[in-house]
Structure formats: C-alpha cells, structure tokens
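Heads up: the structure comes next, in structure tokens.
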Amino acid sequence: MTAVSAHDDHAHADHDHHGPAKGWTRWVYTTNHKDIGAMYMWFSFAMFLLGGFFAMIIRAELFQPGLQLVQPEFFNQMTTMHGLIMVFGAVMPAFVGLANYMIPVMIGAPDMALPRLNNMSFWILPFAFLLLVSTLFMPGGGPNFGWTFYAPLSTTYGPPSTVFFILSMHIMGISSIAGAINIIVTIWNMRAPGMDWMKMPLFVWTWLITAFLLIMVMPVLAAVITMMLLDIAGGTSFFNAAGGGSPILFQHLFWFFGHPEVYIMILPAFGIVSAIIPAFSRKKLFGYASMVYATAAIAILSFFVWAHHMFTVGIPFVGQMFFMIATMIIAVPTGVKVFNWIATMFRGSITFEVPMLFSIAFVVLFTIGGFSGLMLAIAPADFQYHDTYFVVAHFHYVLVPGAVFSIMAGVYYWLPKWTGHMFHEGLAKTHFWLSFIAVNITFFPQHFVGLAGMPRRIPDYPLQFANFNMISSMGAFLFGLSQLLFLFIVVKCVISGKKAEAKPWEGAEGLEWDLPSPMPYHTFEKPPVIK
Amino acid sequence: MLNRLRFRSLTTAVVFIAVGLLSGLASAEWQVNMTRGVTEISNDVYNLHMLIFIICCVIGVLVFGVMFYAMWAHRKSRGAVAETWDQNHKLEVVWTVIPLLILLGMAVPATITLAKIYADDPQADVTVMIEGYQWRWRYTYIDDSGEAPVSFFSSMSTPRESIANVVDKPENYLLEVDNALYLPTDRSIRFLITANDVIHSWWVPAFAVKKDAVPGIINTANTFILEEGTYRGMCAELCGRDHAFMPIVVEAVSPEAFDDWMSEQRAEAVALAELTSKEWTLDELSTRGQQVYNTFCAACHQTSGQGIPGVFPSMIGSPKVVGLPDETIDVLVNGVRGTAMQAFGNQLSDVDLAAVATYIRNSWGNNMGDVIEPMDVINFKAGL
C-alpha cells in the first residue's frame, strides 16, 4: 500500500490559521482527533496509575495472612474500584485514544466523522470517573460488590452510593457508544479513494469490529444498571427473589454484556500487534484475510458464550454443554491469529526494538492466558477453578500482558510519529524487562494458589497460601513501580530526544509513515490516493 | 571444649532434622496443583484437568518452539533476509482443522464427566439442605422419618484476635468451624443448596462440588465420599465483608458412626426443646448470651459493645437496647431494614435469642436488670 500524499504538505503552508488554538481552550473545545486521542491516552494513563494504586493496596493487604492494613469492607471497595477503573478507565479509553489518533491517519481521512461528538465522548469521561471515585468518600463507602456487581449483593445490600455508581456507569456507557458510533462512521465513510475493505490496516479492521461489539452490548449494560436502579429506588423486583424476580437474570444480562466486553478489551490489541510484528520482521503480515475473518469469528462467537461465567449457578446439562463447546471453539480463530503472527516472524528479518519486544511478550503471555482460558472452558474442571485465583491469573494474563502490553507496544511504536522525537531506547528496554519479569512474578503464582483452593476476592487467606501470595505481592509492587519509568520515558520523549524521521522503523507500513514526524495538526485535507 | 563441640553438632543435627520435618509439614504451602479429592467425580475432574493441562503444554512447547526458533534463526543481526510470501492456504486450513480435532478430543471426556456430575439422585441415602447466610452456613438433614429435622448453623471458629494478628494463628486458620457438617462415607449424598440473603457458593474441593447458593432457587449437587476424613472448603462467591470468613468443614465418617451421630443430634434437639420451656435465671442467660453475642454480634458491634462509629451502632445506652424488651427482641428477630443488621429470628434458637437479648441489656453499663425468657421470644414471634 503506497500513498501519494506530497500535496498534503504544501496544502498546509498557506493555511496556517488551521493550527491548534493556544491555551486551555485548545484542549476543552478541540475537535481535532489528534488532540482528543492524546487526551484519551493521558486520561487512561492517569486511571491506570489510580487503578494500579488500588491494586497495590490489595496486594499489600494480601502480603501476609491476617488483616494488617485495611478492613474487609474497604478491601471489597478496592477490588471493585480496581476492576472498574482498569476496565472502563484504563484499557478501554487507551484503545479509544489510539483509535482516535491513528484511524483517521491510517485510512487517509482528515478527522473523525463526527468531531464535536468526539469532543463530548471524551469530556464526559473525567466526570464519570470523578463521580465513581467520589463514592469512596460518601457515607457507607464506595461500591463494594466486585466489578461484576452481582445482585442482590449490590441492589439490596450495597452502600447508598450505589446509585452514584450506576450514574457513572451510565455516563461511561454513553461515552463508549458515542465513541463507537464515531469510529464506525469514520471507517465506513471516510476512507481515502482506493482504500478497499481488504486493504484497510488490521488495526482499523479490529476497531471496526470492536465498535460494533460496543454498540451492541453497552445498551445491555445500560439496561441492567437501570433495572438495578429501579430495584433500589423504584420498588421493583427484577433481581429480588422475594418479589418474584431472579438474581440469575442479573447474571445473564450482565454477562451478555460482560463477555463481549472482554473481547472489546483484546480485539484492538490484535490490530496493534498485527501492525508491529510485520514491521520488525520486515515481512508482510501472514494471512491478512484469515486475520480479518478470525477477528470477526471471535466477535460473533463472543455473543454465544456468556454463560461460561455462570457454570456454577446451576444451569441445565444441555445448556452447560452448549456453552462449554461454544467457548472451546473460540480457541480455533484465536489459534489462527497466533499461528499467523508466528508465520509472519518465520523467515523474516527480525529486530528487537521495544515495540517488538512488547509484541512478542504479548503473543507468548496472551497465549498462556489462552491456555488457561481453554482449561476454564471445560465445565467439569471449571467447577474447581471457578471463582478461585486460577481465574484471576487467567484474566490478568490476557489483560495485563495482553491488552496493556499491546497498548504499550502501540505507544512506543507511534510515539516518534506523535512527538517527533525518538524515545530513550535503553530506558524503554529497561521498562520492558522490568514489566515482563514483574508481570510473571505477580500472576504466575496465582495459578498455583487458585488450583490449591484459594477463592478470589478474599482479604485474608488460610496459611497454606501464604508463600505464593507474598511472591505475587512483591511482583505487583515491582510492576507498579516500573510504570512510573514508563511515564518518565514518555514525558522525556514529548519534551526532547533525537529527531525522529518520517519513518523511524525500517519495515513499518501504512499511511501514517508517509507523514512527517510529528504529524501536522491537520492531515489529509485532500485524501491521498491509494494505489 | 570437646563436649561443647559435640553438643553443638548435636544441636545442629536436631535443628536440621527439625527444619526437614517442618518443611515436610509446610509442603502444603507450596502446593501448585489441584487435589485429587476423595470421590470418583473429583478423581475424574482431576484427570480431565491434567489431560487438558498436558495437551496445552505440548501445544505450547511446539508453538513457542517454532517462535523462538524464528527469533533465533531469522534475526536481522544474523543476516536473515526476509522472504516475501504472506499466504499459504494449505497451512491455514491445517492449523484450523487440527485444533478443531484436538478440541473434539477434549470435549468427549469433558462431556462424559459432565454427565456424571449431572446425574442427580433424588433417592439419595442422605439429603442435606445447605443455606448460605451472611456469613455462615446452615445445614438441615432432610428425611421422611417424621421426626424434627436435625438443623444447625456452622460458623467460623477462628478467633477475631487471630485475624487481627493479636494472637497466633492456629493450624487451620480460617478453615475451622464450630459445627462441622457430618456426612457418611459409602452412601449417596444429595445437597439442596440455596441462600437466605445474597449469593454464596458452597465449595469443597475434595468432592469437586461447587454450587452457587442463590436466593429463591434450590440447586442440587450429589456426592459419594470414598474415604473418611476432615475436608475443608470456603465460600467461593463474593458475599460481602466477611466473604473470607465462612469456611466449610465436612467430617466424613463411617456409616455407623454417622447413624450414631444423628441419634445424638436428635436427642439434643429434644433437650433444646426442654431448655426453651424451662425458667432461666439472669446469670444463666447472661453466660449463654455472651457466647452467642461473641459468635454472632461481636464482628460488627465489637466485644466491647461499642460498635464502630459511623458504621455499626454502639450497644451502650442505645434506645433499642435499653427500651422496652419487645423493641430489643424486634431488632434481633426481624433485623433492621436497609442496614447490615440481619433478621436473626430464624438463625438462632429461641433460647439463644432470649439469652443474647438479656446479655446486651445487662452488659457494658446497660443495667436493665430484667430477664428475657425464651417464652417471651416465642410470644413475640406469635404476635402476643
């Protein structure tokens, strides 16, 4: 894919009033996809540190058996907040930020299709999280029922602040849906001439599919929290057995949202590493078409497997079998993706720059998370794994070295393009190795305590789990500290550093590399022609 | 000098042996895998788990092997030149079909085991109703003998001081209860599982039984224990602040010992009925009430009765405590809506309710001096 974009530069020379506004209004009123993308990512990083801080409280309490630092009520608030902030505040906005920043550039569009909506999608998020975090200071404390907020614990026994939690979830949902609509419309309508569906970069493809998942499942979340609100304040009994409702209904609705949600948090990651692995292998992505089909297959299958989160609630045998087999089948398209990445590397000319290191770690550790996921899919065995630390280990392997590492890979990959500077290679490699080692020290032992019988979400545990928990906590502190180095590297790169060329990575492909580094504030006002 | 040396080497040897023994004892602390358990199903599940684990390991070694080979052999620094192919349909079909076949190979044994687990037996020899409460379990043996069913609560017996690191932690820290569930070996057992307030999950790893206890729904599970012993588990579903503190202890005994135990329990139930009708003194009730209070109330209201300001109200001088006797009984029996105060009316016996009411009305400077008899509680419940 090559593009003719030379006209883009002189198109700019005589339109200097198109530059960014000065001062704070630039950021508040901006409709520029690059500004909004950057804000999403800074917001996401702030949330990553906050959610990480809550995780440190959890791991500090679990460092030894007994209650040392916090009381169980507060511990439950921390687990809930950690989950909610990491899912809705850190991982999702980071991907949305990358989408905002990169999708218009990747498809040769001047901006997102609905720039004003884009501004709103971002700016309502800080308010949602301000509201969510403020619940911690309310009487009775913040939400304390886990990120899955199962009824009736949340509806009948939750703190009074639960209604504020619901409101903040609604705002987040609106933000996600608006963002998703914007992304779909942009990709659908604003591709440069010649950018056929099957020529789109895989990151664009994965985001298109993710955006469809978002607009299909976020309304389900909105519905379920509205029903909660009615149960709490409206006298209804959707989830109250005594009033004729069913607590299981809550779980079906929640997981009909929740399972596709976990793919929302991983599909864009597939797109990022599918850009990076070919770049540093100096070889085209193997099996582009099957990558697209596999992504679509995973997305479709994700709607048919929600009840594997509910194997122990007592669903009938046939249901159990259906959900078990449907879940196992997801391993096939996911396997295809992993094999394709490896085939891309095979007989390439591989170098190990930092984005590539994170991508390789992604492939290996995400696959390990996939294996434990396959084990969890086996319903009879799941009776032993369910709600233990084995599950915690599984989803942290797919979310931390999966989603989070891919985001970091993406940030390092495009950072020279965004800032016009190269980042400090040595520091970035240190960041990678510290993160890689720490993430394994943290989460690998959790498989062991889970299999040995340690339930999730307990602030205190029997003595037999003490050793591995201590190791896990030490890994967590190391991982947390390493991320401050990441902050330093990024800030340093924004301020200074070696000047980056238009295409700092030898094997990189895509329209973004035809633009100078940093990219002009407005790009592709005249669409490039894709040959 | 020589003696001292000998003495030293002797102590060293003793220390070494002791460390060896301790590390043997402590080996459970490094447990990395599931337990095999003591039922046929738990063995099947263990084997299934190992089968899938091994398949995953083999696939992992192959896939990562190829990947690391490529990283080593096809490095640019080694002079590798990238090839230009990016498609191979045959290969892509192969790595779609082979995983499908492997999955089929996993699905067959998994389905067989699943079917075994689902083979419910309503005619089981022993039927136990399990109810989850915040934060204890209630066990009721259901039979058609016509006698009053044996029923009791099972609460964690690890002292709070131990959790707060004030006193040493016992060997079975957080895994010990006041009343264990007794089950016979070599007899079929059926569990009926439900909950009173929020969702809990009853899990004993040694039986491979984990079933959610959901309010308004009765789930069933079956087991058949092959070996006598003490088996421990914990609640596996987040159920509120004391989620970590509702362990499950099962004493699996021989069928004969089980029958004896059941007879004893029935006799005790009769004795309890007699206790209810007898006239109690203030001292008797206070002593019994203190035990009940420490088990059920002290977690929130503290042993000092002072509660936790802003979270759990103090018992000292509280209008509900020093008001009319019926107000105290009302709070205990019906709970307080919208707060963490549960309705204990069905959780505690009438004797225990009367005892704890008497205790709190006459402790920590509350000097009501009156005695609440079990009959008062019974009358209150009857609306008299």
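Side chains included, hydrogens not; waters and symmetry mates left out as well; all remaining heavy atoms used. Below, chains carry the letters A, B, ... as their sequence lines are ordered, and counting in each starts from 1.
- Contacts between A/Q251 and chain B at a heavy-atom distance below 4.5 Å involve the side chain alone, from C-beta outward.
- Using bins of under 30°, 30° to 60° and over 60° for the plane-to-plane angle, the ring pair A/F339/B/W95 lands in the tilted bin.
- Contact check for B/C57 versus A/F371: no side-chain heavy atoms found under the 4.5 Å cut-off.
- Proximity to chain B (any heavy atom under 4.5 Å) is restricted, for A/N76, to the side chain, taken from C-beta onward.
- Residue contact with chain B, scored on non-hydrogen atoms closer than 4.5 Å, involves the side chain of A/I342 exclusively.
- Between chain B and the options A/M324, A/R456, A/H447, A/E73, the largest number of non-hydrogen pairs under 4.5 Å is found for A/E73.
- When all heavy atoms of A/S246 and B/I217 are compared, the closest pair comes out as OG-CD1, 4.4 Å.
- In terms of non-hydrogen atom pairs under 4.5 Å with chain A, the most contact-rich of B/G216, B/A236, B/C235 is B/A236.
- Proximity to chain B (any heavy atom under 4.5 Å) is shown, for A/F74, by neither the backbone nor the side chain.
- Interface remark: B/P170 contributes backbone atoms only to the contact with chain A (heavy atom separation under 4.5 Å).
- For A/Q446, no part lies near chain B; criterion is any non-hydrogen pair under 4.5 Å.
- Taking A/P333, A/G287, A/A242 one by one and counting their heavy-atom pairs under 4.5 Å with chain B, the maximum is reached by A/G287.
- The CE atom of A/M291 sits 9.5 Å away from atom CD of B/E92, with the distance rounded to the nearest 0.5 Å.
- A donor-acceptor contact closer than 3.5 angstrom links the side chains of B/W203 and A/Q384.
- For chain A, the option among B/A82, B/G37, B/A70, B/G79 with the highest count of heavy-atom pairs below 4.5 Å is B/A82.
- Residue A/Y461 touches chain B through its backbone alone, counting heavy-atom pairs closer than 4.5 Å.
- Contact annotation for A/P316: only backbone heavy atoms (N, CA, C, O) come within less than 4.5 Å of a heavy atom of chain B.
- A cation-pi geometry, defined here as NZ or CZ lying under 6.0 Å from the six-membered ring centre and within 45° of its normal, holds between A/K283 and B/W85.
- Between A/I378 and the options B/L51, B/I52, B/T111, a side chain to side chain contact (heavy atoms under 4.5 Å, CB included) holds for only B/I52.
- Within a 6.0 Å sphere centred on CD of A/Q68, other residues, nucleotides and ligands contribute more than 12 heavy atoms.
- Of all non-hydrogen atoms in B/N219 and A/G314, the two that sit nearest each other are OD1-CA, 3.5 Å.
- No donor-acceptor distance shorter than 3.5 angstrom exists from the side chain of A/N144 to the backbone of B/R241, with no hydrogens or angles considered.
- Residue contact with chain B, scored on non-hydrogen atoms closer than 4.5 Å, is absent for A/L376.
- The parts of A/N340 that come within reach of chain B are both its backbone and its side chain, each placing non-hydrogen atoms under 4.5 angstrom from that chain.
- Looking at every heavy atom in both residues, B/H49 comes nearest to A/Y385 through ND1-OH, 2.5 Å.
- Nearest approach of A/L374 to B/C56, heavy atoms of both residues: CD2-SG, 4.1 Å.
- Of the two parts of A/S281, only the backbone, made up of N, CA, C and O, holds a non-hydrogen atom closer than 4.5 Å to a non-hydrogen atom of chain B.
- Aromatic ring orientation, A/F317 versus B/Y118: tilted (interplanar angle from 30° to 60°).
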